[in-house]
Amino acid sequence: MFALVDCNNFYVSCERVFNPSLNSKPVVVLSNNDGCIIARSNEAKQIGIKMGAPFFKTADLLRANQVVICSSNYPLYGDMSGRIMNTLGQFTPQLEVYSIDEAFLDLAGISTDLNEYAIQIHKTVLRNIGVPVSIGIGPTKALAKTANYYAKKIPEYKGILILNRQKKIEDALRQFAINEVWGIGRQYADFLNKHQVKTAWDFIQLPDEWVRKNMTITGLRIKKELTGISCLPLEQAPPDKKSICTSRSFGSPQTDLESIQKAIASFAGQCAYKLRKQKSCANLLIVFMHTNKFNPYESQYSPSLPFRLPAATNSSLELVKYALLTLEKIYKAGYHYQKAGVMVTEIVPQDQVQGCLFDEIDHGKHGAIMKALDRINAKYGPDTLTMAIQGGSTDWRQRRERVSPSYTTCWKDIINIQV
DNA sequence: TCTGGGGTCCTAGGACCC
DNA sequence: TCTGGGGTCCTAGGACCC
């Protein structure tokens, strides 16, 4: 059996832990740049605020209902997530961290009553961290996901549902709308609806060959999982990333090469850091940018250009240098750039890097500098030490107008208690 | 004025090899 | 007139997840 532990309205719940005045009020959390709504409290969902809705289009509805609006605070959410995963890890080491707010647990070998076990997890996470979770349990990951959906949706279940008997599973699948199934997105849901497949139960009645032909092997796996045949194993150690991307929308449209250079330098530096964190190096770097695709009156330009590195590297100095060279090749004056980014691919483990015969760079020296850089930033906070080119004016920086303090990751933001 | 930021996997089709 | 058979690798595009 697998359990899926999923935090309720995770980002909103994190905000509420440190600001209890938000409890029982409608609250939303915005995406980066205060662009879209990406988390809603139950009260906000009831008002009819949609997931992913652009903030500026929803502003009237939010105001009319006195919805509390928060900018996203990823240092806070990331840290809270880490604490939750640690707590779950104390229940079992058979743990897959599936996303910032979800984890699968393999329950093989758990001798206690599963319902009692789930209640303990729920209580412990709430006590240790203050975030409410829902727990779904089933014989496969897809069925645990299904159970979790009902655990969250139906108040009588009090956040826990175990799908352990055939009859219970069948009842759940008969009511389960096909578009809610894990792995069935908009396109497949529309396609299946056209073929009179409305529920998960309808779906598992389809012949294997038909599913395979129309939805690839991925679709067939979902079908098998829903029928109780486990095809998706627990992945305890997340595999190394095959591509790493750092990109941001700008706080306001940018036109000058100089300010975009600062942004690109900072993105390339971030990519280098992420590579070092997974002990990898990249062979290919891609710089891209685009104008505002939502504006039909503006002339559009979305260049992207790859650059093959002389040798695989994770040095910020090198990646920043080549990213800026690449940027100069694609930058054209006269456009209003809205977003830019740097991606690195063809990633290899750092201890398997092939040298380059004509390389002028002293990699040993770079490695030592990067080590020092990472140590300083770990100790004194991100961006304490950066490339000089990143500094100065930061016109491109994002909007974050309603951000809460970093209560758990920044000394000056720690809550003061007056005695 | 204002629309996020990451990722993965799969397949088809083309280029190329012998 | 008539043009094989078997592979691999790469890329773009489409689907999905949170």
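Small disclaimer: the values here were computed from a predicted structure and weren't measured. Here is the naming used below: chain letters follow the sequence lines, and residue numbers restart at 1 for every chain.
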Expected list for residues 77-101 of chain A near DNA chain B, using heavy atoms below 4.0 Å, is none

Sticking with atom C1', work out how far B:dC17 lies from C:dG4, rounded to a whole angstrom. 15 Å

Check ring pair (Phe, Tyr, Trp, His ring centres under 6.0 Å) between A:Tyr150 and all other residues, then give those that pass, not counting sequence neighbours. A:Phe176

With side chain to side chain donor-acceptor pair (under 3.5 Å) as the rule and sequence neighbours excluded, what pairs involving residues 274-285 of chain A come up? A:Thr246-A:Lys274, A:Arg276-A:Ser316, A:Arg276-A:Asp374, A:Gln278-A:Ser280

Aromatic centroids of A:Tyr301 and A:Tyr331 separated by under 6.0 Å: no

For A:Glu401 and B:dT1, give me the distance from atom CD to atom C1', rounded to whole Å. 11 Å

Interatomic distance, A:Lys141 NZ vs C:dC17 P [rounded to whole Å]: 14 Å

Base, sugar-phosphate, or nothing for A:Lys145, non-hydrogen atoms under 4.0 angstrom? sugar-phosphate

Output yes when A:Arg16 and A:Glu43 qualify as a salt bridge under the 4.0 Å nitrogen-oxygen rule, no when they do not. yes

Based on Watson-Crick and G-U pairs with both distances under 3.5 Å, what dot-bracket line describes DNA chain C 5' to 3', crossing pairs as [ ] and inter-strand pairs as |? ....||||||||||||||

Judged by modelled atom types alone, do A:Thr291 and A:Gln300 share a side-chain donor-acceptor pair under 3.5 Å? yes

Is a side-chain N or O of A:Asn65 found less than 3.5 angstrom from the main chain of A:Val67, in a donor-acceptor match? no

Judged by modelled atom types alone, do A:Asn314 and A:Gln350 share a side-chain donor-acceptor pair under 3.5 Å? yes

Charged N to carboxylate O under 4.0 angstrom, A:Glu225 versus A:Lys145? no

Counting the atoms with a prime plus P, OP1 and OP2 as sugar-phosphate, which does A:Ile184 contact under 4.0 Å by heavy atoms, base, sugar-phosphate, or nothing? sugar-phosphate

One character per nucleotide, please: for nucleotides 2-12 of chain B, 5' to 3', B when the base has a protein heavy atom closer than 4.0 Å, S when only the sugar-phosphate does, - otherwise. BBSSSSSSSS-

With distance as the sole criterion, is a donor-acceptor pair present between the side chains of A:Lys45 and A:Asn9 under 3.5 Å? yes

Which residues satisfy the ring pair (Phe, Tyr, Trp, His ring centres under 6.0 Å) test with A:His195, sequence neighbours excluded? A:Phe191, A:Trp210

Thinking salt bridges, do A:Lys141 and A:Glu96 make one under a 4.0 Å N-O criterion? yes

